[in-house]
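Just so it is clear, the structure is predicted and the values come from calculations on it, not from any experiment. Atoms within each ligand, like the ligands themselves, are counted from 1 in listed order. Worth knowing before you read on, the calculation uses all heavy atoms, side chains too, and leaves out hydrogens, waters and symmetry mates.
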Amino acid sequence: METKHTILHECFCPNEVRRAIENDEFVPFFQPLVTLCTGQLAGFEILARWRHPELGMVPPAQFISIAEKEGLIGSLTKRLLSKVFFSAKVIPYPLLIAINISPQQLQDLSLPKQIEDAAATSGFPLSRVVIEVTESALVDNLDSAQTIAKGLKSLGVKIALDDFGTGYSSLLHLQSLPFSELKVDRGFVSTMTESRQSRKIVAAVVGLGQSLGLATIAEGVEKREQAEMLMWLGCDLGQGWLFGRPVPAEDLPAVIAMPRERIHVGDSQYLWKDISGCTSPSQRLAQLQAIYDGAPVGLAFIDVNLRYVNLNERLARMNGASVEEHLGMTVDEMVPELFPQFEPYIRQALQGKAIAGVEVTKSVRDGQVARTLLLSYEPAYDEAEEVIGVSVAIVDITERKQTEAALRESEDHYRHMVDLNPQIPWVLDPEGNAIEISSRWKHVTGMSLEMYQGRGYLDAIHPDDRPRVEDVIDQSIKSGNPIDVECRILASSGEWIWIRSRGAVRRDQSGKIVRWYGSADDINDNKRAEEALRRSVEHVKVMSPREIEVLLLIASGNSNKIIANQLGISEETVKGHIKNILSR
Ligand code: C2E
Ligand code: CA
Ligand code: CA
């Protein structure tokens with residue numbers, strides 16, 4: 001661990017610094033650089049420390065500027081570098097080392113040679129060396145800076161622009177040297193979770209880096225929220241206390257060997273995968289694309305001007321045009337007849353209101369069935385929480401609607417049938433023997449009077465149901481309670497038909513049971529309808545509302561973790577939903 005800095009209020013005099021260089025009192029410390037989306041070590045930045053014989057460890061703020069003013073920075077760096085490369089032998093491929101260079105050293109044309117020689121003493125490959133320069137280095141003498149940068153580049157050394165966003169920021173600087181990395185200044189990172197301004201700047205720097213093909217490194221990452229946000233913005237590397245403080249060379253092996261699945265913040269530790277969700281923006285993009293393409297719903301992302309920015313095949317097909325034909329077009333242009341129905345919801349979503357379960361019916365065109373669509377609208381936010389568009393999900397529920405309608409029809413049919421076909425009245429004696437059954441019984445079952453008399457009617461009942469029916473009848477005969485039983489009977493057609501038979505007692509004046517009067521109703525259609533519904537529900541595998549919610553949140557660019565938080569479910573459950581959606 002880093003030794004505590006001595007807090008010094010007085011300044012050192014130039015001679016003290018000079019003497020310290022001669023005594024070789026400056027030592028390199030190594031601070032981890034970490035790949036944000038994996039948590040893996042990517043290298044170290046070298047930070048100078050003065051191991052003062054009386055005062056202990058002195059930070060660079062106390063001596064770098066003196067060394068620069070006194071023209072000593074060159075020799076300080078030289079001494080430091082020989083120690084750096086000696087210690088760097090334990091740093092394995094492909095880890096990098098990043099070395100800080102003062103602006104005035106970019107005027108020293110021998111710099112590339114110095115670095116080459118220093119690296120050669122330990123055989124450390126120059127392709128794994130990064131030189132960090134600040135923008136101020138580019139202001140004074142650009143010509144020599146360019147010559148030196150060219151020299152470094154030809155050795156394979158990379159150049160990073162340090163403290164970007166502070167001081168002399170100019171986009172021109174980015175072009176003046178062949179940079180391969182951009183370091184986001186600590187000042188922005190430390191405030192980015194609270195200050196929208198800082199967040200915007202960080203997002204802009206990362207975006208700039210991406211569009212120029214430069215790797216971006218965020219300095220001063222102290223909190224997991226910052227790491228999360230940086231990762232989400234697409235920043236490549238992070239450096240800061242969250243990942244490790246600068247350590248002396250003797251601690252390097254331990255830091256390198258340290259498992260990186262866990263990171264420690266104060267007394268707590270986190271699993272890296274919990275922070276990262278292990279999805280970089282490009283991975284997420286691929287995941288998103290897969291969901292877009294594979295989802296059993298139409299998906300579209302619409303910008304604030306109501307133009308299609310992204311959509312999947314299915315939605316394109318619903319609108320009767322190709323994906324390409326949609327891109328850049330407005331909703332109004334693509335579906336003029338439906339637009340008046342969609343517009344109010346899109347506008348509300350652009351105001352930040354999520355709307356789910358809007359049913360829209362597409363009018364019938366010649367020979368076509370009217371389609372019923374179920375729509376949901378979810379606002380999508382940028383990292384500054386401004387609405388940048390709307391995610392739309394559309395499920396075609398026409399089939400489900402048809403099933404529901406068919407079911408209603410069959411129920412109607414059943415009611416009609418009952419109306420038209422009177423029930424089958426029956427009369428039993430007190431012992432449960434058939435005295436009379438309507439001729440419909442004969443018609444349905446094909447049984448003759450002789451066959452059903454006595455307890456003969458029970459022979460028409462399905463063997464599986466018969467014991468239950470006999471039981472019900474016996475119970476009622478004993479208790480006098482009404483009979484009510486459902487069972488299947490064998491029709492003369494050979495089919496089993498469901499009936500419901502209900503009856504009640506008639507007593508004489510003394511209260512003695514004299515007769516059972518009742519009737520059997522054909523409930524077959526109803527049973528069939530129930531069965532059909534059960535099957536159709538299984539069959540029409542529409543997405544559950546929860547799955548649609550998950551899908552929308554993904555489509556708005558949220559991480560699994562954020563989705564889990566928003567819906568109050570675990571990340572595992574979110575993953576399960578995604579798996580289900582994709583497996584359809
Ligand atoms: P820098 O290049 O911007 O280095 C990053 C500074 O941020 C380091 O300060 C580092 O210890 C500190 N830092 C890293 N992570 C965190 C964090 O999470 N929170 C906070 N609060 N700070 C963090 P340090 O070591 O005091 O160095 C200060 C500056 O001195 C460096 O700023 C660099 O400009 C300069 N410097 C250091 N070593 C050398 C060197 O060998 N040569 C030259 N020319 N300049 C050097
Ligand atoms: Ca630096
Ligand atoms: Ca810096």
Side-chain angles (χ1 to χ4, degrees), residues 1-8 17 20-21 25-34 43-51 57-85 96-108 111 114-115 118 129-137 158-167 169 179 181-193 205 216-227 230 237-248 263-266:
M1 266 292 111
E2 190 182 10
T3 324
K4 266 229 164 322
H5 285 154
T6 316
I7 308 298
L8 296 159
V17 176
I21 296 173
E25 287 172 10
F26 294 98
V27 293
F29 268 48
F30 299 78
Q31 187 178 28
L33 305 170
V34 162
F44 295 94
E45 178 176 358
I46 314 299
L47 296 160
R49 297 288 180 267
W50 181 357
R51 204 183 288 241
M57 236 21 117
V58 178
Q62 306 283 335
F63 58 84
I64 292 288
S65 61
I66 299 172
E68 284 174 344
K69 262 188 233 125
E70 297 301 316
L72 298 168
I73 191 73
S75 51
L76 192 156
T77 306
K78 200 172 169 211
R79 293 285 187 113
L80 203 65
L81 284 187
S82 70
K83 290 184 184 168
V84 167
F85 283 109
L96 305 170
I97 57 171
I99 298 160
N100 289 288
I101 290 296
S102 290
Q104 67 199 78
Q105 291 177 279
L106 271 198
Q107 322 257 327
D108 177 0
L111 185 75
Q114 284 176 37
I115 291 170
V129 175
V130 182
I131 296 294
E132 296 193 359
V133 301
T134 57
E135 291 187 285
S136 49
K158 294 184 193 68
I159 307 170
L161 185 52
D162 204 353
D163 304 336
F164 188 70
T166 63
S169 283
F179 292 108
E181 290 176 9
L182 207 51
K183 294 194 84 169
V184 187
D185 191 68
R186 200 174 75 209
F188 303 121
V189 176
S190 63
T191 51
M192 71 182 293
T193 48
V205 174
T216 43
I217 305 176
E219 302 178 322
V221 183
E222 294 181 5
K223 298 187 214 134
R224 89 178 248 175
E225 291 75 27
Q226 294 163 346
L230 286 161
L237 301 180
Q239 170 185 5
W241 297 343
L242 183 70
F243 310 112
R245 304 227 176 191
V247 297
I263 53 166
H264 301 261
V265 185

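- Counting atoms of ligand 1 from 1 in the listed order, those under 4.0 Å from a heavy atom of L80 are 41 (O).
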Candidate pair E181 and V130, rule side chain to side chain contact (heavy atoms under 4.5 Å, CB included), full reasoning: CA-CA 9 Å; E181 290 176 9; V130 182; 3.7 Å; yes
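- Ligand 1 has no nitrogen or oxygen under 3.5 angstrom from a nitrogen or oxygen of P59.
- The option with the heavy atom closest to atom 28 (C) of ligand 1, from among P60, A61, G187, is P60.
- Between F44 and F30, the two ring planes are perpendicular [angle over 60°; tilted spans 30° to 60°].
- Excluding waters, the protein N/O/S atoms found under 3.0 Å from the Ca ion (ligand 2) are E45 OE2, N100 OD1, E132 OE1, D162 OD2.
- The D162 neighbourhood of ligand 1 comprises atoms 2 (O), with distances under 4.0 Å to a heavy atom of that residue.
- Considering backbone and side-chain N/O atoms, T77 never comes within less than 3.5 Å of an N/O atom of ligand 1.
- Close contacts between ligand 1 and D163 involve ligand atoms 3 (O) [criterion: under 4.0 Å to a heavy atom].
- With ligand atoms numbered from 1 in the order given, ligand 1 contributes 17 (C), 18 (O), 19 (N), 20 (C), 21 (N) to contacts under 4.0 Å with heavy atoms of E222.
- An N or O contact shorter than 3.5 Å is missing between Q105 and ligand 1 by distance.
- Checked against salt bridge (charged side-chain N to carboxylate O under 4.0 Å, His left out), R79 has the following partners two or more places apart in sequence or in another chain: D24.
- Short contacts between ligand 1 and E45, defined as distances under 4.0 Å to a heavy atom of the residue, involve ligand atoms 2 (O), 4 (O).
- Each of the atoms 44 (N) of ligand 1 lies under 4.0 Å from some heavy atom of S102.
- Shown in contact with P246 at under 4.0 Å from a heavy atom are these atoms of ligand 1, numbered in order with element: 11 (O).
- For the 3.5 Å distance criterion, the side chains of T193 and E225 fail to qualify, holding no donor opposite an acceptor.
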